[in-house]
Amino acid sequence: MLIDFCRFPADLAARYRARGYWIDEPLTRALDESTRATPEAIAVIDGDRQLSYRELSDAVANLADRLRRDGLGRGDTAVVQLPNCAEFIITFHALLRAGIVPVNAIYSHRQLEMGNYIQQLKPALLIGDHAHELFATGDFLDGLTTRGQAPRRVILKDSPDADTALSAWLAGTGQARLPADPTPPDEVAFFQLSGGSTGTPKLIPRTHNDYDYSIRASAEICGLDRQTRFLCALPAAHNFTMSSPGILGVLHAGGCIVMAPSPDPAACFRLIAEHRVTVAALVPSAVQLWQRHAALAGPPAPLRHLLVGGASFTPEIARAVPDVLNCQLQQVFGMAEGLVNYTRLDDDPETVMSMQGRPISPDDDIRLLDETGRPVPDGQPGALSVRGPYTFRGYFKSPEHNSQAFDKDGFYHSGDVVIRRPDGYLRVVGRIKDQINRGGEKVAAEEIEALLMRHPLIRQAALVAMPDAMLGERSVAVIVSNGSVKSSTLRRHLRDLGLADYKLPDRFHQTDSLPLTHIGKTDKRRLREMLQAADARQGVPA
Ligand code: J2J
């Protein structure tokens with residue numbers, strides 16, 4: 001049962017209800033309420049299409065009904081992969097309404113990631129995009145069939161075949177509307193994707209209650225209202241884009257979402273001007289691109305408010321936001337596992353430029369620990385662990401990993417190293433998880449190392465983060481091989497395994513042996529120092 005993966009202890013659940021965080025409503029509540037309040041207001045703009053709240057809700061109910069009349073519903077799961085488009089929002093809500101539990105894959109995910117989610121979830125339904133390379137040939141679906149993993153139903157956006165075309169599934173059934181049948185509010189509503197630090201991507205069960213609270217609170221903290229026009233430029237499936245305050249926060253506030261295919265500044269500035277966008281959310285690397293563009297083209301005029309998060313943001317670049325982009329900055333430090341921190345709109349400028357915010361909830365219980373697990377005092381860096389009303393209680397079917405990721409009190413170790421000010425504000429200063437944060441996109445070192453080791457000539461592999469002026473970090477694969485292997489060969493090897501492009505190492509470096517720690521693990525700190533020294537010798541800029 002999916003409930004087994006998201007159960008909060010009864011005492012905490014009672015407290016979260018008593019304090020009004022959990023309101024026992026389905027996650028479709030935000031859309032339902034705003035549709036009742038302002039049915040004719042525009043909810044989504046996608047290219048030259050505009051959907052009012054009423055039209056959006058109708059499309060959601062149509063798709064939910066079609067799926068249920070096709071025999072899908074409670075007890076089923078779905079793997080969804082759509083680009084930034086209105087259908088992303090429709091599909092997500094329709095699946096919730098029908099009680100089907102989805103995971104939204106990132107659009108850049110390929111065979112390896114998608115195959116993995118399918119293997120873990122055994123979904124009855126796959127919703128994808130016919131234009132995605134996965135469906136360019138029949139190989140991906142045939143492979144699933146061969147492995148006995150083919151979902152019962154495959155629906156594709158823009159499929160030329162009427163049977164599988166999402167547009168056909170969005171048309172009404174002509175039959176009486178079925179009542180909504182979502183999973184219970186304290187059970188899994190959907191799975192979020194973990195940035196990961198292990199060999200296989202992990203799924204994060206999120207309940208209606210916990211996610212809905214984070215959305216209501218985020219919308220309030222970010223000052224969203226019916227006048228909000230939000231640019232959805234980061235991948236829609238990302239937790240930041242969905243919930244901080246994101247797509248769902250805007251629907252809660254009764255505002256309007258303007259879909260952008262990517263954060264490309266030229267296209268985004270056009271959309272901002274055309275649709276009078278007021279709020280946008282970006283990762284730091286995209287902020288730099290926007291700043292460069294604005295220096296030439298002028299600021300994106302109607303934009304008043306920019307949320308920045310997902311990766312470390314230097315105060316120097318942060319300080320330029322109000323001048324160069326002519327809007328208010330709000331920093332956000334969040335994670336798909338739960339905890340989200342924001343700077344507040346009335347914070348003093350120094351706090352906004354130099355801190356990553358404070359938690360959403362008074363009941364976000366944060367502990368900062370030293371290497372021995374003892375609490376560190378304010379002002380000292382410590383490893384963050386957290387428990388609270390919207391932080392998950394365990395990865396899906398990962399008992400071993402969960403025993404490492406949580407302490408005995410149910411606190412989740414996020415792997416971030418942060419400093420806390422006495423007033424509760426946090427600054428992210430480092431990381432102990434074995435991950436590369438490549439411009440906000442997370443790469444689990446272990447996953448790439450294991451895939452590299454599958455090449456017959458590779459004896460050892462280690463993936464490390466090196467500083468990058470644009471991305472913040474880039475990935476370098478250090479390999480020990482039998483004879484020399486070209487970078488292009490290794491890149492092709494990883495692509496042939498079906499790995500998403502953003503996870504391909506930015507650089508390969510061959511060496512004779514990897515430095516080891518005293519317990520015999522690869523010493524990545526030493527490795528980074530060696531790489532830096534080698535770069536300095538060769539005059540490569542840091
Ligand atoms: C430094 N590191 C940060 C920040 C996240 C809102 C915003 C972001 C995410 C997200 C999210 C950071 N400064 N401001 O889910 O709701 C790094 C940390 C964190 C990890 C989580 C949201 N903001 N990070 O980025 O699940 O290392 O969520 O643990 O993708 O990103 O990554 P993810």
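In this text, all values refer to a predicted model and were calculated from it rather than measured experimentally. FYI, side chains are in, hydrogens and waters are out, and symmetry mates aren't considered; it's all heavy atoms of this structure.
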Indicate yes or no: does [X] engage [Y] in a salt bridge with an N to O separation below 4.0 Å.
X: Lys524; Y: Asp434; result: yes
X: Arg15; Y: Asp11; result: no
X: Arg474; Y: Asp506; result: no

Looking only at the aromatic ring of each residue, does the gap between the centers of Tyr16 and Tyr213 stay below 6.0 angstrom? no
Aromatic ring proximity, centroids under 6.0 angstrom, Phe191 and Phe392: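 That pair fails the under 6.0 Å test.
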Worksheet item: If you draw a 6.0 Å radius around CZ in Arg525, do more than 12 non-hydrogen atoms from other residues or ligands fall strictly inside?
Response: no
Under a 4.5 Å cut-off applied to non-hydrogen side-chain atoms, are [X] and [Y] in contact?
X: Glu337; Y: Ile204; value: yes
X: Leu248; Y: Phe92; value: yes
X: Glu25; Y: Glu33; value: no
X: Thr351; Y: Arg344; value: no
X: Arg358; Y: Arg420; value: no
X: Gln291; Y: Leu325; value: yes
X: Arg319; Y: Leu329; value: no
X: Leu282; Y: Leu306; value: yes

Sub-3.5 Å donor-acceptor pair from the side chain of [X] to the main-chain atoms of [Y], do we have one?
X: Gln435; Y: Gly196; value: yes
X: His132; Y: Tyr107; value: yes
X: Ser403; Y: His401; value: no
X: Thr391; Y: Val386; value: no
X: Thr28; Y: Arg97; value: no
X: Asn341; Y: Phe333; value: yes
X: His208; Y: Thr183; value: yes
X: Gln288; Y: Ser285; value: no
X: Lys397; Y: Tyr395; value: no
X: Gln356; Y: Val428; value: yes

If I take atom [atom1] from residue [X] and atom [atom2] from residue [Y], how far apart are they, to the nearest 0.5 angstrom?
X: Thr77; Y: Leu95; atom1: OG1; atom2: CG; value: 10.0 Å
X: Arg17; Y: Asn209; atom1: CZ; atom2: CG; value: 5.5 Å
X: His252; Y: Arg29; atom1: NE2; atom2: CZ; value: 5.5 Å
X: Ile89; Y: Ile247; atom1: CD1; atom2: CD1; value: 4.5 Å
X: Arg7; Y: Asp186; atom1: CZ; atom2: CG; value: 8.5 Å
X: Arg229; Y: Ile45; atom1: CZ; atom2: CD1; value: 4.5 Å

Apply side-chain contact (heavy atoms from CB on, under 4.5 Å) to Leu384 and Leu339, showing your working. CA-CA 11 Å; Leu384 186 147; Leu339 178 71; 4.0 Å; yes
Distance-minimising heavy-atom pair for [X] and [Y]:
X: Pro284; Y: Gly309; result: CD-O, 3.5 Å
X: Tyr53; Y: Ser34; result: CE2-CB, 3.5 Å
X: Gly394; Y: Pro205; result: O-CD, 3.1 Å
X: Asn326; Y: Pro299; result: CB-CB, 3.7 Å
X: Pro265; Y: Trp290; result: CB-CD1, 3.7 Å
X: Met335; Y: Ser414; result: SD-CB, 3.8 Å

I would like to know whether Gln81 and Val79 meet side-chain contact (heavy atoms from CB on, under 4.5 Å); could you show each step before the answer? CA-CA 7 Å; Gln81 186 188 44; Val79 172; 5.8 Å; no
Do [X] and [Y] have side-chain N/O donor and acceptor atoms under 3.5 Å apart?
X: Asp364; Y: Tyr390; value: yes
X: His305; Y: Thr278; value: no
X: Asn239; Y: Tyr211; value: yes

Self-check item: Whether Phe269 and His293 hold their rings parallel, tilted or perpendicular, with breakpoints at 30° and 60°
Solution: perpendicular
Could you walk me through whether Val321 and Cys327 satisfy the side-chain contact (heavy atoms from CB on, under 4.5 Å) test, starting with their C-alpha distance in whole Å, then the side-chain angles of each, then the deciding distance to 0.1 Å, before giving a yes or no?
CA-CA 7 Å; Val321 167; Cys327 60; 4.2 Å; yes
Q: Apply the test side-chain contact (heavy atoms from CB on, under 4.5 Å) to residues Val279 and Cys222: give CA-CA distance (whole Å), side-chain angles for both, the deciding distance (0.1 Å), then the verdict.
A: CA-CA 10 Å; Val279 188; Cys222 301; over 6 Å; no
In sequence, state the C-alpha distance, the side-chain angles, and the governing distance for Asp212 and Arg216, and then conclude on salt bridge (Lys or Arg N to Asp or Glu O under 4.0 Å). CA-CA 6 Å; Asp212 188 57; Arg216 296 193 319 271; 2.8 Å; yes
